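What follows is a set of notes on a single structure, which appears directly below.
Remember, it's 1-based here, ligands and their atoms both numbered in the order they're listed. Predicted model only: the values in this text are computed from it and were never measured.
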Amino acid sequence: MDALFEAQFSPLADSGRALSKCGKCLRYMKYISTQPSRMYCGTCEEVYYLPQKGTIKLYKELTCPLDNFELLIFSLAGPEGKSFPLCPYCYNSPPFEGIDTLFGATKTSSTGKLGKGAGMPCFLCPHPTCPHSLIAQGVCACPECSGTLVLDPVSAPKWRLYCNMCNCLVYLPQGAHKISTTRDRCPECESTILEVDFNKKTTPLLDGSTLYTGCILCDELLHSLVEMKHGKSFFKRMGSRGRGRGSGRGGFRGRGRGGKWDDPKMSFRDF
Ligand SMILES: [Zn+2]
Ligand SMILES: [Zn+2]
Ligand SMILES: [Zn+2]
Ligand SMILES: [Zn+2]
Ligand SMILES: [Zn+2]
């Protein structure tokens with residue numbers, strides 16, 4: 001049965017619950033949880049497929065800057081399950097030319113509609129200024145594949161990065177109040193500089209301050225606090241973020257502001 005037809009006329013539409021606002025009509029769309037799970041806007045008579053086999057929640061009533069649709073958070077089950085934001089509209093109609101090459105085998109059909117469970121979550125979105133995009137949330141190249149490690153925005157207090165292509169997980173300093181990406185890049189390795197707001201009681205900063213910024217690969221303090229899930233070593237690779245830009249050689253070390261870690265002899269460079 002056609003997905004739109006089914007959503008309109010099956011009793012499932014009645015059982016679907018209002019979840020997030022449509023960017024076109026600004027009314028609530030219904031979440032239909034039966035496979036294939038999808039959002040349905042009864043006003044626009046549109047169906048938007050979702051990633052399958054996980055839970056879907058509203059993401060802090062944040063909206064996509066491209067189309068005004070409210071963002072959703074998708075989570076896979078289990079402690080190692082990824083969670084990631086997505087825009088129902090962009091997920092189904094990736095807004096950027098050539099984005100389908102990022103999906104590997106998955107291609108849009110001739111009608112431009114994506115099939116079940118295939119789409120562009122925010123962690124694949126190349127939007128330069130959207131705060132949820134790969135550009136904003138991507139931190140560094142995955143040590144295990146050609147993907148990018150992105151900050152899991154709802155992983156507090158067990159902050160972590162996950163790869164947008166493989167299952168690689170990197171644990172960040174645990175128990176931090178807040179960890180966020182900044183707009184700055186490490187001059188040495190081009191990783192995104194992270195801002196960490198440590199817990200007052202467990203801050204590793206000598207003067208008891210909590211705010212710290214640095215590169216998780218080049219900054220000794222941050223590097224000593226991150227951990228790869230499978231115990232493999234995690235160190236920088238040139239051409240981080242997989243873009244093949246300059247190697248950054250001869251730049252300044254990406255230093256945090258904590259005084260304790262200023263000893264220039266301390267280097268994890270040759271790890
Ligand atoms: Zn609508
Ligand atoms: Zn969107
Ligand atoms: Zn976006
Ligand atoms: Zn990877
Ligand atoms: Zn760096």
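If you chain together hydrophobic residues whose side chains sit under 4.5 Å apart, Leu151 and Phe198 fall into the same group. A single hydrophobic cluster is seen to contain both Leu225 and Ile179, as judged by linkage of ILVMFWY side chains at heavy-atom distances under 4.5 Å, directly or through other members.
Rounding to the nearest 0.5 Å gives a distance of 9.5 Å between OG1 of Thr192 and CD of Glu190.
Distance check for Cys163 against the Zn ion (ligand 4): an N/O/S atom falls below 2.8 Å.
Between Gln52 and Pro36, the closest heavy-atom pair is OE1-CA, 3.1 Å.
With the Zn ion (ligand 4) as the vertex, atom SG of Cys145 and atom SG of Cys142 span an angle of 110° (nearest 10 degrees). With the Zn ion (ligand 1) as the vertex, atom SG of Cys25 and atom SG of Cys44 span an angle of 110° (nearest 10 degrees).
Using bins of under 30°, 30° to 60° and over 60° for the plane-to-plane angle, the ring pair Phe84/Phe74 lands in the tilted bin.
Aromatic ring centres of Phe123 and His132: separated by at least 6.0 Å.
Only protein atoms were considered; those of element N, O or S under 2.8 Å from the Zn ion (ligand 3) number 1.
Panel note: side chain Tyr40, backbone Gly16; no donor-acceptor pair is recorded below 3.5 Å.
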